Amino acid sequence: MTAPVTLPKSRQRLILAVLLLSSLLIWIDNTILATALETLADPVRGLGANPAQLQWASGSYTLVFAALMFTAGALGDRFGHRTVLATGLIVFAVASVWAAYAGDPAQLIAARAVMGVGSALIMPATMATVTWTFTGPDRATAIGLFSTSAGVGLAAGPLLAGVLLDHFWWGSVFLVNVPVVVIALAGIAVFVPNFRSPTPRPLDLTGLALSVTGLTALAYGLIRAGQVAAWTPVQVWAPIAVGVALLATFVVVELRSAQPSFDPRLLAQRVFGGGNAALGLLFLAMTASGFYGAFYLQGARGFSPLAAGLINSPAALGVIIGGPLGIRLVRRWSLRSVSAIALTVGALCMGSIAFFGLHTPIIWNVILSGTQGFSIGMVIGSVTSALMSTLPLERAGAGSAVTNTVRQTGSVLGIAVGGTIMAITYRTGIQGAVTDLPDATREPAQVSAEQARHVAAAINRPDLAHAADDAFIHAMHVGSVWTMLFALAGAATLAVVLRSRHASSSAAGETPAADQQLAAADSR
């Protein structure tokens with residue numbers, strides 16, 4: 001199907017349900033892994049993964065997700081978004097089984113990278129199909145519902161992970177993806193048309209190679225910075241410089257291409273470019289914050305995975321409520337005021353973690369979790385709707401690919417930067433408590449608080465466990481301030497780039513004419 005058609009309302013609802021389920025799969029998996037990080041770090045119950053390996057277990061997924069996103073958009077335009085969506089789900093399911101039975105951290109990292117391939121195929125096809133299926137206010141509402149889907153995933157993931165980790169081995173958390181894929185594939189086969197662009201873009205293999213290698217080198221350098229005592233040119237600075245140079249070359253190559261798979265020109269539009277920059281900063285902050293959240297509740301505070309999931313569940317409820325509400329509020333007030341204020345509140349919630357300690361009443365976690373989720377849901381739903389509404393229908397695949405690439409790139413950097421800040425600060429904080437230990441025990445104790453606790457138990461040194469907890473809490477405080485600053489930068493970006501009148505009408509999905517006016521105004 002190469003031209004938009006008016007589908008019956010009942011068919012549209014069924015299509016949306018299938019697409020929401022496909023999107024839900026990705027959110028569930030992300031939150032499940034976050035809940036399982038503490039278990040994976042355990043040398044007895046998990047794989048004994050060190051912080052760098054855990055960063056790569058998360059980062060390999062998001063890195064591949066980000067780098068392949070624009071190629072997946074081009075594949076959808078060429079072969080049909082339904083075809084690409086179904087292929088992505090199958091790849092995701094197969095890789096999930098591999099991850100469940102991984103024998104060591106290296107295998108888990110590789111399996112997670114393949115899962116990233118599946119997600120990269122799923123996400124652009126999902127958003128492009130929504131754009132083809134719905135128009136006007138219905139499109140804005142449909143996109144807003146994806147924030148609800150995200151909230152459901154945020155809620156279901158930790159709770160599922162908690163139940164599974166309390167009763168089964170760690171690999172069971174990945175097998176939960178398989179039945180979801182089966183149901184989604186059945187719905188796709190029956191209800192979803194195979195929309196495709198009438199002018200498909202060529203596959204950009206050069207751009208793909210540059211983006212993958214550039215992001216990998218940049219992430220390697222940033223993660224490595226947290227694992228070495230001194231930032232040497234070879235181990236840290238060279239990979240970072242090479243990564244930045246390759247990504248800059250990628251942008252130049254795409255700008256010179258007549259039909260780029262990733263079109264940087266879209267980012268030159270005021271609302272589309274600025275809104276994506278803000279979302280990238282938000283996802284960077286969210287990912288960095290989430291990386292230490294599980295270690296705080298399960299490691300430092302000693303809660304079970306299920307209890308930790310229940311404590312964080314208000315965040316999911318907040319996203320569920322905040323997404324649709326944000327769309328409605330934008331129809332009354334401006335997108336700039338709603339999104340910038342909401343993101344500022346979310347940023348302050350992230351920074352408030354700097355006041356948490358080992359004995360902070362857990363009710364404060366619950367309150368801040370719900371408030372942060374509510375704020376973030378309002379931002380993601382309303383801003384995403386505005387971004388997609390600035391684009392003509394035939395650029396839906398390209399626009400979705402750019403938006404999701406920016407988000408996942410932010411997540412990659414969040415994992416790398418957040419984990420590295422934590423690792424450096426923890427290693428500095430624990431230094432004085434491990435000077436008298438032999439090398440065999442000093443080195444693992446310096447790697448992470450999880451390993452330090454196991455060393456302390458093995459050599460009967462409770463003071464070492466206390467020192468590890470204190471060093472971790474200090475590292476968490478430093479990390480929370482940085483995540484707040486990243487999120488505040490996103491809020492400032494929204495306040496600067498969004499024009500109240502045009503952005504509001506676009507986010508509300510009022511008319512195609514409003515969309516065209518906004519796109520024209522932004523291109524000037």
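What you see is a predicted model, and the numbers here were worked out from it, not measured in a lab. We're numbering straight along the sequence, starting at 1.
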Q: Check whether any side-chain heavy atom of Tyr296 sits under 4.5 Å from a side-chain heavy atom of Asn365, and report yes or no.
A: yes
Q) Can you tell me how far CZ of Phe250 sits from CG of Leu215, rounded to the nearest 0.5 angstrom? A) 8.5 Å
Q) Quick one: does Thr371's side chain get under 4.5 Å of Leu348's, heavy atoms only? A) no
Q) So, Thr344 side chain and Ala340 main chain: donor-acceptor pair closer than 3.5 Å or not? A) yes
Q) Are Phe65 and Val117 close enough, and set up right, to give a side chain to side chain contact (heavy atoms under 4.5 Å, CB included), and what steps lead you there? A) CA-CA 6 Å; Phe65 195 171; Val117 174; over 6 Å; no
Q) Between CG of Leu498 and CG of Leu335, what distance do you get to the nearest 0.5 Å? A) 4.5 Å
Q: Answer yes or no: is there a side-chain heavy-atom contact under 4.5 Å between Met115 and Ser96?
A: yes
(Q) Is it the case that the side chain of His474 and the backbone of Asp469 share a donor-acceptor pair, with hydrogens and angles ignored and the cut-off at 3.5 Å? (A) no
Q: May I ask you to test the Leu343-Ser375 pair for a side-chain heavy-atom distance under 4.5 Å?
A: no
Q) What distance do Leu37 atom CG and Gln298 atom CD have between them, rounded to the nearest 0.5 Å? A) 8.5 Å
Q: Give a yes or no answer on whether the side chain of Ser313 reaches the backbone of Leu310 with a donor-acceptor pair at less than 3.5 Å.
A: yes
Q: Please report the closest heavy-atom contact between Val366 and Pro314, naming both atoms and the distance.
A: CG1-CG, 3.5 Å
Q.
Are Leu24 and Leu20 packed together at the side-chain level, in the sense that at least one heavy-atom pair is separated by less than 4.5 angstrom?
A. no
Q.
Using only atom types and a distance under 3.5 Å, with no angle test, would you say the side chain of Thr39 pairs donor to acceptor with the backbone of Gly46?
A. no
Q.
If you compare all heavy atoms of Ala57 against all heavy atoms of Ile109, which two are closest, and at what distance to 0.1 Å?
A. N-CG1, 3.8 Å
Q | Aromatic ring pairing Tyr61/Phe92, orientation class (parallel under 30°, perpendicular over 60°, tilted between) | A | perpendicular
Q.
Which label fits Trp170 and Phe174: parallel for a plane angle under 30°, tilted from 30 to 60°, or perpendicular past 60°?
A. perpendicular
**Q.** Minimum-distance pair of heavy atoms, taken over all atoms of Thr483 and Ser289
**A.** CG2-N, 3.8 Å
Q: Provide the closest heavy-atom pair for Ala277 versus Thr493 in the form atom of the first, atom of the second, distance.
A: CB-CG2, 4.3 Å
**Q.** Residue pair Arg407, Ile380: steps toward the side chain to side chain contact (heavy atoms under 4.5 Å, CB included) verdict
**A.** CA-CA 11 Å; Arg407 291 185 185 188; Ile380 294 176; 4.0 Å; yes
Q) With side chains defined as the heavy atoms from C-beta onward, is the minimum distance between Ser480 and Met350 less than 4.5 Å? A) no
(Q) Would you compute the distance between atom CD1 of Ile26 and atom CE of Met123 and round it to the nearest 0.5 angstrom? (A) 3.5 Å
(Q) I need the Arg328 CZ to Met378 CE distance, nearest 0.5 Å. (A) 11.0 Å
Q: Hey, could you give me the CD1/OG1 distance between Ile473 and Thr360, rounded to the nearest 0.5 Å?
A: 7.5 Å
Q | Residue pair Leu33, Arg112: steps toward the side chain to side chain contact (heavy atoms under 4.5 Å, CB included) verdict | A | CA-CA 10 Å; Leu33 180 65; Arg112 290 286 298 167; 3.2 Å; yes
Q) With distance as the sole test, does Thr287 use its side chain to make a donor-acceptor pair with the main-chain N or O of Phe283 at under 3.5 Å? A) yes
Q | For the student: nearest non-hydrogen atoms of Ala471 and Gly429, plus distance | A | CB-C, 3.9 Å
Q | Leu297 side chain reached by Ile362 side chain, heavy atoms, under 4.5 Å | A | yes
Q) Is there a donor-acceptor pair closer than 3.5 Å between any side-chain N or O of Arg453 and the backbone N or O of Ala468? A) no
Q. Do the side-chain N and O atoms of Ser334 and Ser337 include a donor-acceptor pair separated by under 3.5 angstrom?
A. yes
Q) Taking the side chain as C-beta and beyond, is there a heavy-atom pair between Phe486 and Val417 under 4.5 Å? A) yes
Q | Taking every non-hydrogen atom, the tightest pair across Ala308 and Phe303 | A | N-CB, 4.3 Å
Q. Where the side chain of Thr420 meets the backbone of Leu222, is there a donor-acceptor pair that is under 3.5 Å apart?
A. yes
Q: Begin with the C-alpha distance, continue with both residues' side-chain angles, and end with the deciding distance and a verdict on side chain to side chain contact (heavy atoms under 4.5 Å, CB included) for Leu40 and Leu108.
A: CA-CA 10 Å; Leu40 290 170; Leu108 178 62; 3.9 Å; yes
